[in-house]
2 protein chains.
Amino acid sequence: MQTQHAFSASRPAPGFIPALAPHPDDGTDDAPAGLTALGAVATLRRGTAAYREGDLASHWYRVVSGTGCTSKLLPDGRRQIGAFLHAGDFFGFEALQEHGFAAEALTDMVVIRYPRQRAESAGDADPTLNAFLREIACRSLTCAYERLLTLGRRTATERVASFLLELASTAPDGRTVSLAMSRSDIGDYLGLTLETVSRTLAALKHDDLIDMAGPHSLVLLDRPALEEMTEGDEPAVRFGRA
Amino acid sequence: MQTQHAFSASRPAPGFIPALAPHPDDGTDDAPAGLTALGAVATLRRGTAAYREGDLASHWYRVVSGTGCTSKLLPDGRRQIGAFLHAGDFFGFEALQEHGFAAEALTDMVVIRYPRQRAESAGDADPTLNAFLREIACRSLTCAYERLLTLGRRTATERVASFLLELASTAPDGRTVSLAMSRSDIGDYLGLTLETVSRTLAALKHDDLIDMAGPHSLVLLDRPALEEMTEGDEPAVRFGRA
DNA sequence: CGTTGCGTTGATGCTTGTCAACGAACGTGG
DNA sequence: CCACGTTCGTTGACAAGCATCAACGCAACG
């Protein structure tokens with residue numbers, strides 16, 4: 001996908017302001033006032049980039065709605081997705097000077113942009129905000145390390161199963177998952193090819209571990225079995241979620 | 001390796017105090033005074049753990065001398081090494097409550113332990129320390145993401161080449177590397193088997209890209225060729241180094 | 001001087017990637 | 001409204017890269 005670099009608005013669009021409030025499915029994830037005061041709403045059209053590799057890291061971000069991903073490309077086109085970005089997730093913290101990963105919208109997105117220098121200064125004077133930022137960084141690191149284990153040591157089936165459980169962990173009923181991303185995106189997230197992802201999902205369906213209404217809508221039928229497949233010991237935690 | 005949980009000393013051992021000073025090969029990496037004041041020296045024997053998965057995250061750590069690694073196990077014994085820890089590296093920041101990864105000494109190690117709560121409080125009152133901690137977190141995240149790309153998308157040869165370049169990046173001459181870890185450790189770091197690591201190193205030697213005096217002492221003969229093999233665009237940065 | 005741990009090398013096979021074909025869904029323009 | 005191209009997901013056949021299993025040499029050590 002050819003991404004373009006574009007924000008459509010740097011000031012709140014009226015229709016989106018309600019989304020700035022805490023998300024209904026998670027009462028604990030709104031930012032401290034010191035950070036919220038700095039945020040500006042922006043919208044990102046599907047396929048456009050919030051920033052690219054090498055861009056100056058001038059802002060931190062938070063997803064209001066829609067889904068995106070951070071990704072990095074090798075010169076020959078191989079791609080690794082660092083994280084999927086869902087409503088409530090923070091991103092853009094990984095950079096000191098320049099972004100090492102690009103961030104791109106997989107669907108139309110609404111995000112909040114926080115000017116980084118001002119946010120850092122605010123943190124210096126506000127222990128609550130400071131703790132909040134530390135927590136985001138910690139969670140991001142924990143997630144990244146968990147993913148190292150997945151990419152380094154798990155089989156294709158285990159990877160897909162852990163991915164489904166990760167998505168289901170934020171579903172209201174814990175079992176209904178809607179995939180906003182393509183098979184290719186999932187493959188690039190899990191270090192697999194899109195064909196392997198497709199085949200693995202088909203196998204899980206054949207074994208009655210999941211059900212698929214359409215390619216982007218599925219239900220976990222046997223969560224314990226899926227959890228056992230990942231051989232993991234702790235629940236999946238999503239990237240950057242405070 | 002059966003790791004044991006043991007610190008041999010919680011107060012400075014006379015012989016090690018000089019190592020607390022900035023490391024001779026890097027004048028920029030000593031901690032702010034506010035953090036240094038909280039540190040207590042401890043020694044770790046080879047094969048012992050600073051902490052294990054599930055331990056309460058009560059401290060942050062910094063390596064004074066020796067080398068270690070953070071690692072995570074699957075129930076069936078598969079292991080993923082999150083990072084190798086060298087002199088100057090900070091570790092233990094990834095945990096909010098409990099450690100998700102264990103940290104273990106691969107050689108005898110000297111580390112500094114910083115009580116986490118006191119360090120966090122100190123950070124709240126000290127912008128310099130605060131920025132320092134942010135920087136460590138950023139670098140750790142950048143490293144982790146770079147490693148996601150390696151584990152998810154690079155071939156065995158590319159992984160080994162990038163590993164060697166990573167090690168060489170802190171060598172005085174940029175080409176002489178001494179491997180403190182075993183082939184098995186390298187494999188667990190790169191998501192490969194120890195046999196593949198051994199074979200890949202042999203192939204690199206055969207192609208005159210590296211020279212091996214012994215299994216743990218090698219020299220990069222053709223850095224440009226190795227860099228091209230990784231297909232990466234930016235220099236390797238080591239975990240947690242400020 | 002036997003034992004143990006580690007690194008190397010070989011033979012073999014499995015998991016996953018690659019290449020290809022096909023169908024469904026979607027948008028576009030005649 | 002329908003032909004058309006495009007994108008995406010699925011499935012099959014095949015190949016390759018790496019894992020697995022195994023044997024051997026060497027150095028360290030009690």
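All values below were derived from every heavy atom in this structure, side-chain atoms included, with hydrogens, water molecules and symmetry-related copies excluded. Since we're looking at a predicted model, the values are computed, not measured. Here is how names work: the chains are called A, B, and so on, in the same order as the sequence lines, proteins then strands, and each is numbered from 1.
Nearest heavy-atom pair across Ala156(A) and Thr196(A) is CB-CG2, 3.8 Å. Of all non-hydrogen atoms in Ala50(B) and Phe91(B), the two that sit nearest each other are CB-CE1, 4.3 Å.
Residues Arg183(A) and Leu201(A) form a side-chain contact, since some pair of their non-hydrogen atoms from C-beta on lies under 4.5 Å apart. In this structure, Thr200(A) and Arg159(A) have side chains that are not in contact, with every pair of non-hydrogen atoms separated by 4.5 Å or more. Side chains of Val160(A) and Ile186(A) form no contact here, defined as non-hydrogen atoms less than 4.5 Å apart. Using a 4.5 Å cut-off on side-chain heavy atoms (C-beta onward), Leu204(B) and Leu164(B) make contact. Side chains of Met181(A) and Thr107(A) form no contact here, defined as non-hydrogen atoms less than 4.5 Å apart. Between Val63(B) and His86(B), every side-chain heavy-atom pair lies at or beyond the 4.5 Å cut-off. At least one side-chain heavy atom of Tyr61(B) sits less than 4.5 Å from a side-chain heavy atom of Tyr51(B).
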(message) Can you build the contact string for nucleotides 22-30 of chain D? Use B for base contact, S for sugar-phosphate-only contact, and - for no protein heavy atom under 4.0 Å.
(response) ---------
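The CG atom of Leu179(B) sits 9 Å away from the P atom of dG7(C) (whole-angstrom rounding). Distance, Leu190(A) CG to dG17(C) P: 11 Å, rounded to whole Å. For the pair Leu106(B) CG and dG5(C) P, the interatomic distance rounds to 17 Å; values are reported in whole Å. Going from atom CG of Leu194(B) over to atom P of dC18(D) covers 15 Å, rounded to whole Å. If you take CZ of Arg154(A) and C1' of dA19(D), they are 19 Å apart, rounded to a whole angstrom. In this structure, Arg159(A) atom CZ and dT16(C) atom P are separated by 8 Å, rounded to whole Å. The CZ atom of Arg183(A) sits 4 Å away from the P atom of dT10(D) (whole-angstrom rounding). Going from atom CD of Glu158(A) over to atom C1' of dT16(C) covers 14 Å, rounded to whole Å.
With salt bridges taken as basic N to acidic carboxylate O contacts below 4.0 Å, one links Arg223(B) and Glu227(B).
Among the nucleotides dT16(C), dG9(D), dC18(D), the one closest to the side chain of Leu192(B) is dC18(D). Minimum atom distance to the side chain of Ser198(A) is reached by dG9(D), of the listed dT8(C), dA19(D), dG9(D). Residue Ser182(B) has its side chain nearest to dG7(C) when only dC18(D), dG7(C), dT10(D) are considered.
Residues from residues 204-221 of chain B placing a heavy atom under 4.0 Å of any atom in DNA chain C, listed by number, are Pro215(B), His216(B).
Contact check, Thr193(A) against dT16(C): no side-chain N or O comes under 4.0 Å of OP1 or OP2.
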Set out, line by line, the N/O atom pairs under 3.5 Å between protein and nucleotides 22-27 of chain C.
none

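If one axis is set at each end of the helix from dC1(C)-dG30(D) to dG30(C)-dC1(D) from five pairs, those axes are 30° apart, to 10°.
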(request) Would you sort out whether Leu221(B) and Arg175(B) count as a side chain to side chain contact (heavy atoms under 4.5 Å, CB included), showing the intermediate values? (result) CA-CA 7 Å; Leu221(B) 296 179; Arg175(B) 55 199 293 273; 3.9 Å; yes
(request) Test side chain to side chain contact (heavy atoms under 4.5 Å, CB included) on Val111(A) and Leu85(A) and set out the steps. (result) CA-CA 10 Å; Val111(A) 301; Leu85(A) 308 170; over 6 Å; no
Side-chain donor-acceptor distances from residues 77-84 of chain B under 3.5 Å, at least two apart:
{"unit_1": "Arg78(B)", "atom_1": "NE", "unit_2": "Asp76(B)", "atom_2": "OD1", "d": "3.2"}
{"unit_1": "Arg78(B)", "atom_1": "NE", "unit_2": "Asp76(B)", "atom_2": "OD2", "d": "3.0"}
{"unit_1": "Arg78(B)", "atom_1": "NH1", "unit_2": "Arg153(A)", "atom_2": "O", "d": "2.9"}
{"unit_1": "Arg78(B)", "atom_1": "NH1", "unit_2": "Glu158(A)", "atom_2": "OE1", "d": "3.0"}
{"unit_1": "Arg78(B)", "atom_1": "NH2", "unit_2": "Glu158(A)", "atom_2": "OE1", "d": "3.3"}
{"unit_1": "Arg78(B)", "atom_1": "NH2", "unit_2": "Glu158(A)", "atom_2": "OE2", "d": "2.9"}
{"unit_1": "Arg78(B)", "atom_1": "NH2", "unit_2": "Asp76(B)", "atom_2": "OD2", "d": "3.1"}
{"unit_1": "Arg79(B)", "atom_1": "NE", "unit_2": "Asp188(B)", "atom_2": "OD2", "d": "2.7"}
{"unit_1": "Arg79(B)", "atom_1": "NH2", "unit_2": "Asp185(B)", "atom_2": "OD1", "d": "2.4"}
{"unit_1": "Arg79(B)", "atom_1": "NH2", "unit_2": "Asp188(B)", "atom_2": "OD2", "d": "3.2"}
{"unit_1": "Gln80(B)", "atom_1": "NE2", "unit_2": "Asp188(B)", "atom_2": "O", "d": "3.0"}
{"unit_1": "Gln80(B)", "atom_1": "NE2", "unit_2": "Tyr189(B)", "atom_2": "O", "d": "3.2"}

Which donor-acceptor pairs under 3.5 Å do the side chains of residues 205-216 of chain B make with protein atoms, sequence neighbours left out?
{"unit_1": "Lys205(B)", "atom_1": "NZ", "unit_2": "Met212(B)", "atom_2": "O", "d": "3.4"}
{"unit_1": "His216(B)", "atom_1": "ND1", "unit_2": "Leu179(B)", "atom_2": "O", "d": "2.9"}

